[in-house]
Amino acid sequence: MNYAHSLCKNRQDTRYDLMAFEMPDHPSQLYIKRVIGLPGETIVVKDGRVYADGKKLRSDFVKGTMNSSGDGVYHVPEGHYFMMGDNRNNSFDSRFWKHKYVSVDAMKCHAHLRVYPFKRITNHL
């Protein structure tokens, strides 16, 4: 068992958490994105907005106005998450992956410190 997994074994993943996870299309790569869609939800990305089961989601952490690239309807399977980056117009995330959803087993731990870009170093604790 790796160290990161043992630290996060009893975590509760919730919407808007920043998470480190194995990228579904390339499991050897770790990505950090925000949890947007929870297991069993229907996510709609349309006209620069994101909805979960018809409810408009927060966007105060999103950088800039989101374009329509990646607009669509996504049905999150049980035991999986739909992930999006905060820089939506330049984020390679669930909207664009071949395997769109991250399994709970691929989730490693919460991300608490941003170190790049350097001018935006922040602590998310």
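None of the values given here were measured: they were computed from a predicted structure.
- Residues Met19 and Lys108 form no side-chain contact, since every pair of their non-hydrogen atoms from C-beta on lies 4.5 Å or further apart.
- Grouping the Ile, Leu, Val, Met, Phe, Trp and Tyr side chains by contacts below 4.5 angstrom, directly or via other members, places Leu30 apart from Val35.
- With respect to the salt-bridge test (charged N to carboxylate O, under 4.0 angstrom), the residues Asp60 and Arg58 qualify.
- Cluster annotation: Met84 and Tyr74 are assigned to the same hydrophobic cluster (Ile/Leu/Val/Met/Phe/Trp/Tyr, side-chain heavy-atom contacts under 4.5 Å, transitive).
- With a 4.5 Å cut-off on side-chain heavy atoms, Ile43 and Val50 count as touching.
- Using the six-membered ring where Trp is involved, Trp97 and Phe92 have ring planes that are perpendicular, over 60° apart on the 30 and 60° scheme.
- Arg34 has no carboxylate O lying under 4.0 Å from a charged side-chain N of Asp17, or vice versa, which leaves the two without a salt bridge.
- Rounding to the nearest 0.5 Å places CZ of Phe21 at 10.5 Å from OG of Ser103.
- Thr14 approaches Leu38 most closely through the heavy-atom pair C-CD2, 4.3 Å.
- For the pair Leu18 and Lys33, the minimum side-chain heavy-atom distance is 4.5 Å or more.
- Ring-plane geometry between His80 and Tyr101 is classed as perpendicular, the angle between the planes exceeding 60 degrees on a 0 to 90 degree scale with a lower cut at 30.
- The pair Glu41-Arg15 meets the salt-bridge criterion, since a charged nitrogen lies less than 4.0 angstrom from a carboxylate oxygen.
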Query raised in the report: Passes side-chain contact (heavy atoms from CB on, under 4.5 Å), Met107 versus Val102? Steps please.
Result: CA-CA 7 Å; Met107 301 292 255; Val102 177; 3.6 Å; yes
Query raised in the report: How far apart are the C-alpha atoms of Phe96 and Ser91, what are their side-chain angles, what is the distance that settles it, and do they pass the side-chain contact (heavy atoms from CB on, under 4.5 Å) test?
Result: CA-CA 9 Å; Phe96 306 108; Ser91 180; over 6 Å; no
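- Residues Ser94 and Tyr81 share a closest heavy-atom pair of OG-O, 4.4 Å.
- Nearest heavy atom pair, residue Gly40 against residue Glu78, reads CA-OE2, 3.4 Å.
- Follow the hydrophobic side-chain contacts under 4.5 Å out from Leu57 and you reach Val62 in the same cluster.
- Note that CZ of Arg49 and OG1 of Thr65 are 9.5 Å apart. Values are rounded to the nearest 0.5 Å.
- Across every non-hydrogen atom of Tyr51 and Lys46, the tightest pair is CE1-O, 4.4 Å.
- Interatomic distance, His75 NE2 to Thr42 OG1, rounded to the nearest 0.5 Å: 5.0 Å.
- In terms of heavy atoms, Asn67 sits closest to Asp71 at O-OD1, 4.2 Å.
- In this structure, CD1 in Ile36 is found 6.5 Å from OH in Tyr16, a value given to the nearest 0.5 Å.
- Here CZ of Phe82 is found 7.0 Å from CZ of Arg95. Values are rounded to the nearest 0.5 Å.
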